[in-house]
Amino acid sequence: MSIRARIEGVGHAVPARILTNDELSTMVDTNDEWIFSRTGIRQRHIAGPEDTAFTLSLVAAQNALANSGVAAADLDLVIVGTVTGDMQFPSTSCLLQDALGATKAGAFDVGAACAGFIYSIANATAMIESGMAKHVLVVGVDLLTKIIDWTDRSTCVLFGDGAGAVVLSAVEGSDRGVLKSVLLSDGSGAKHIHNEVGGSRYPHGSPQAEGRCHSVYMNGNEVYRFAVQAIGDACLKVLAEAGMTPDQVDLFVPHQANIRIIESARERLNLPKEKVFVNVDRLGNTSAASIPIGLSEAAAQGVLKPGMIVLTVGFGAGLVWGANLIRW
Ligand code: ACO
């Protein structure tokens with residue numbers, strides 16, 4: 001009998017501090033009207049000095065474990081999708097594994113920017129379906145506000161911080177679980193969005209790093225063009241591979257970067273507005289955290305019900321993109 005990876009629990013965490021568009025407009029030359037009309041964002045939660053990828057992940061993971069009924073000690077694997085881990089190494093997943101007491105779990109981070117959760121779910125599903133793991137914790141977490149240039153109005157208005165987590169377990173004889181995933185990439189687009197200093201090419205403090213951008217660089221127009229095409233393509237591909245059509249989707253939880261990008265995907269899939277989960281207005285772009293936070297909020301609001309067909313899609317720096325199709 002075939003094994004499925006079923007989502008048994010969800011949880012999330014965001015920092016307490018809220019930064020509104022009005023407050024941002026006292027920091028850089030911008031205003032609520034511009035930000036809201038171009039992005040759909042009204043406010044975002046931003047990390048304080050004490051918040052890190054680990055601290056937010058820990059709360060989200062504890063919530064997801066409690067919601068699932070799976071004990072940390074029974075986890076076989078901890079996967080964290082992030083590009084803003086606590087340190088270059090060790091991985092944030094190892095810090096989390098230790099704090100949770102997941103004593104028999106392997107742990108690794110996945111670096112796929114805003115698609116980190118999509119990639120992590122695909123990894124977890126493959127591990128479960130192959131029989132390598134029974135219980136897997138997947139976290140998507142990012143604190144991009146720690147690495148953006150707060151004087152650059154073209155990027156600093158877009159991002160917020162947060163973490164979302166799910167627990168997946170192996171189930172036999174159930175039609176509920178992750179049905180299909182598609183993962184895609186185009187590294188030739190690395191020039192459009194990156195944070196180049198701090199790695200082995202331009203180490204911090206090195207002559208090579210001098211004059212380079214030490215924070216997030218983004219060509220917004222190029223990323224926008226790419227995203228609009230890529231997410232529609234990924235959604236149609238994952239649906240086709242599952243032998244399904246867009247009208248069978250009950251809930252669409254896309255990466256929350258910009259309401260106009262979400263709207264273009266909704267139109268291409270011909271989905272009614274009530275089937276699309278949106279929280280970009282309250283949280284901004286939380287990168288790898290946006291989809292699991294969306295799932296966790298939808299579950300808490302009673303929007304997500306067992307048996308629903310849920311389509312998730314993400315895109316980000318790499319360029320990378322992908323989608324997961326889930327029977328909830
Ligand atoms: N406030 C006021 N004006 C601004 C601001 C601001 N915050 N930012 C830019 N502007 C100005 C520009 O300077 C420009 O002025 P000009 O015409 O005088 O030159 C004008 O507004 C228009 O700028 P555009 O960049 O063309 O605005 P656009 O409508 O394209 O919106 C945006 C920009 C919101 C960034 C959009 O391109 C976008 O959402 N791109 C995708 C970003 C994204 O999704 N990233 C996700 C990946 S993140 C990851 O992987 C980590």
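Start at 1 and go down the list; that is how both ligands and their atoms are numbered. Keep in mind that the numbers below use all heavy atoms, side chains included, and drop hydrogens, waters and symmetry copies.
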Given S181 and N324, is the side-chain hydrogen bond (donor to acceptor under 3.5 Å, both in side chains) satisfied, shown in steps?
-> CA-CA 4 Å; S181 295; N324 304 130; 2.8 Å; yes

In sequence, state the C-alpha distance, the side-chain angles, and the governing distance for T84 and K146, and then conclude on side chain to side chain contact (heavy atoms under 4.5 Å, CB included).
-> CA-CA 8 Å; T84 49; K146 297 233 181 188; over 6 Å; no

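Remark: R212 pairs with E196 by the salt bridge (charged side-chain N to carboxylate O under 4.0 Å, His left out) rule, at least two apart or across chains.
The pair R266-E263 counts as a salt bridge, with a side-chain nitrogen and a carboxylate oxygen less than 4.0 angstrom apart.
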Output block, N or O contacts of ligand 1, threshold 3.5 Å exclusive:
residue	atom	partner	partner atom	Å
ligand 1	1 (N)	T30	OG1	2.6
ligand 1	3 (N)	W34	NE1	3.4
ligand 1	3 (N)	R153	NH1	3.4
ligand 1	7 (N)	T30	OG1	3.1
ligand 1	7 (N)	R153	O	2.9
ligand 1	13 (O)	R153	NH2	3.0
ligand 1	21 (O)	W34	NE1	3.2
ligand 1	26 (O)	N221	OD1	3.4
ligand 1	27 (O)	R38	NH1	3.3
ligand 1	29 (O)	R38	NH1	2.8
ligand 1	29 (O)	R260	NH2	3.2
ligand 1	30 (O)	N221	OD1	2.7
ligand 1	37 (O)	G220	O	3.1
ligand 1	39 (O)	N258	ND2	2.8
ligand 1	40 (N)	G220	O	3.0
ligand 1	50 (O)	A317	N	2.9

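The environment of CZ in R201 is sparse: at most 12 heavy-atom neighbours from other residues, nucleotides or ligands sit within 6.0 Å.
Scanning both residues, A288 and F117, for their nearest heavy atoms gives O-CB, 3.5 Å.
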